[in-house]
Amino acid sequence: MQKKDLETRLIHGYFDRSKHHGSLTHPLYQTSTFVFDNAEQGEARFAGNESGYIYSRLGNPTVSELEKKMADLEEAEEAVAFSSGMAAVSAVLIHLMKAGDHILVSEGVYGCTFGFLEMANEKFNIDFDLMQMDSPEKIRAMIRPETKVLYLETPINPTMKLVDLEMVIKVAKEEGLKVVVDNTFCSPYLQQPITVGADFVIHSATKYISGHGDVIAGIAAGPAEDMQTIRMTTLKDIGGVLGPFDAWLLLRGLKTLAVRMDRHCENARLIFDKLKDEPNVRKIIYPGDPTFSQHGLAKKQMKDFGGLISFEIDGGKEAAQRFMNELNVVQVAVSLGDAESLIQHPASMTHSVVPEEERKKMGINDSLVRLSVGLESPMDIWDDMKQALEKTFLKI
Ligand code: LCS
């Protein structure tokens, strides 16, 4: 049978409704453990001689449904769900790396990913280098005999720099390295890195996958053999498993991913159009800006330009904070991809763990704010931002 379009696959499940009283939506198996028919069945399940659930840290039908859906959407062999995006990031990296190995990381990765890499370096002697992955020569120059993995986000949070997936993957293949892409900012609706050769995809499912700001969750997707090992090691033994109810919420959120993403992208386009004429706003960073240096690359590798806009405000941190405090519709909060428009100040919030010098190198200064454009009326979002800008600059 021909594979249905992504919009349809987002909505339909993989479970057999006839075995669930015809339930339209996937049932919520809110249980920690599963009762065996008898002791022998328990023994057979533990020995792997009989398939079936044992204990929800090892697998749960509601969580499995989400994992199947995410693997399908990312065109991966398998996916594993985690209790947070960071649980997914750390589980995949611990799986791929051992003491003495080295990892190349795209400059500007999420602050806690950077924090995890620093900890892994200090405690487990796993070395890393942050770099701008903008040419094959630069990447090759940084590869050492101990390098095992290229880890990247595109677009990068919050500076919106893109990494050319095809270029990086080609270099990695030639050098025998694994490529891990954090696809949080795009969701599989805008970008599917595995279809262009990435080995693993990670999501903070807290963001667009959920879309409703009510869950912390993570997903990793990749080759079946690796995913099975991750499930039985860095998931099972470190233990960052997703709860069934959170998986159920994500399954519900996923159904509207396509329509939500279209609206996020459309609203962001409209806000960018207004913002670019504001006298006290400079350096707007938005991949949909035709003058953005990587606009062509964004058009090539993303279906649309996403819902995030970063921009600098005249007057440094004080003005940025004043502007944020004057907003009413847009909420001052970290996270992104929710129905509500959210704004945050990366230098003092998401990237405050990154040393100032590194931050400056990444292009995160005190004037920069990051807006996650929500699903409200775009005119209401803009009116709110306009009045906040007016109040901010009247007061200065
Ligand atoms: N990867 C990216 C690109 C992220 O933006 C985040 C969280 C994570 C991984 C970690 O996911 P979590 O464990 O929070 O589910 N990003 C955040 C942000 O930009 N604001 O608040 C959290």
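Index from 1, following the sequence. For ligands, and for the atoms within them, numbers begin at 1 and follow the listed sequence. Here the structure is a predicted model, which is why all the values come from computation and not from measurement.
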(request) Could you list which atoms of ligand 1 come closer than 4.0 Å to a heavy atom of Glu153? (result) 3 (C)
(request) Check ligand 1 against Leu336 and write out every atom of the ligand that is under 4.0 Å from a heavy-atom position of the residue. (result) 19 (O)
(request) Tell me which part of Gln344 gets within contact of ligand 1: side chain, backbone, both or neither, using heavy atoms under 4.0 Å. (result) neither
(request) May I ask whether Thr113 places a heavy atom under 4.0 Å from ligand 1? (result) no
(message) Check contact between Ala217 and ligand 1, using heavy atoms of the residue and a distance below 4.0 angstrom.
(response) yes
(message) Do Ser341 and Glu376 pair up side chain to side chain, a donor and an acceptor below 3.5 Å, judged on atom types alone?
(response) yes
(message) Suppose we measure from atom 21 (O) of ligand 1 to each protein heavy atom; which comes out shortest, and what is that distance?
(response) Ser335 N, 3.0 Å
(request) Considering only non-hydrogen protein atoms, determine which one is nearest to atom 15 (O) of ligand 1 and report residue, atom name and distance to 0.1 Å. (result) Thr206 OG1, 2.6 Å
(message) For Arg231 versus Glu78, what's the shortest heavy-atom pair and its separation?
(response) NH2-OE1, 4.5 Å
(request) Could you list which atoms of ligand 1 come closer than 4.0 Å to a heavy atom of Val334? (result) 20 (N), 21 (O)
(message) Side chains of Arg370 and Asn157 only: does a donor on one sit below 3.5 Å from an acceptor on the other?
(response) yes
(message) In this structure, does ligand 1 have an atom that sits under 4.0 Å from one of the heavy atoms of Gly218?
(response) no
(message) Using the rule side chain to side chain contact (heavy atoms under 4.5 Å, CB included), only one of Arg269, Glu266, Lys299 pairs with Asp304; which is it?
(response) Arg269
(request) Give the atoms of ligand 1, by number and element, whose distance to some non-hydrogen atom of Thr184 is under 4.0 Å. (result) 1 (N), 2 (C), 3 (C)
(request) Over 60° means perpendicular and under 30° means parallel, so classify the ring planes of Tyr286 and Phe272, tilted if in between. (result) tilted
(request) List every atom of ligand 1 that sits less than 4.0 Å from any heavy atom of Asn157, numbering the atoms from 1 in the order shown and giving each element. (result) 5 (O), 19 (O)
(request) Work out which heavy atom in Ala81 is nearest to a heavy atom in Glu67; give both atom names and the distance. (result) N-OE2, 2.8 Å
(request) Indicate whether the side chain of Lys138 and that of Ser135 have a donor and an acceptor atom separated by less than 3.5 Å. (result) no
(request) Identify the two heavy atoms, one from Gly363 and one from Leu368, that lie closest to each other, and give their separation to 0.1 Å. (result) O-CD2, 4.1 Å
(message) Any donor-acceptor pair under 3.5 Å linking the side-chain atoms of His95 with those of Asp226?
(response) yes
(message) Using a 4.0 Å cut-off to any heavy atom of Met86, which atoms of ligand 1 qualify?
(response) 10 (C), 11 (O), 12 (P), 13 (O)
(message) Checking a contact table here: which protein heavy atom is nearest atom 8 (C) of ligand 1, and how many Å away?
(response) Tyr110 CD2, 3.4 Å
(request) Return the residue, atom name and 0.1 Å-rounded distance of the protein heavy atom closest to atom 19 (O) of ligand 1. (result) Arg370 NH1, 2.8 Å
(message) Once you measure the plane-to-plane angle for His351 and Tyr110, does it fall in the parallel (<30°), tilted (30-60°) or perpendicular (>60°) bin?
(response) perpendicular
(request) Pick whichever of Ser83, Ser204, Pro346 has a heavy atom sitting closest to atom 11 (O) of ligand 1. (result) Ser204
(message) Which of the numbered atoms in ligand 1 are under 4.0 angstrom from any heavy atom belonging to Gly85?
(response) 11 (O), 12 (P), 13 (O), 15 (O)
(message) Show the atoms of ligand 1 that are less than 4.0 angstrom away from any heavy atom in Asp182.
(response) 1 (N), 2 (C), 3 (C), 9 (C)
(request) Starting from atom 7 (C) of ligand 1, find the nearest protein heavy-atom neighbour and note its residue, name and distance. (result) Lys207 NZ, 2.7 Å
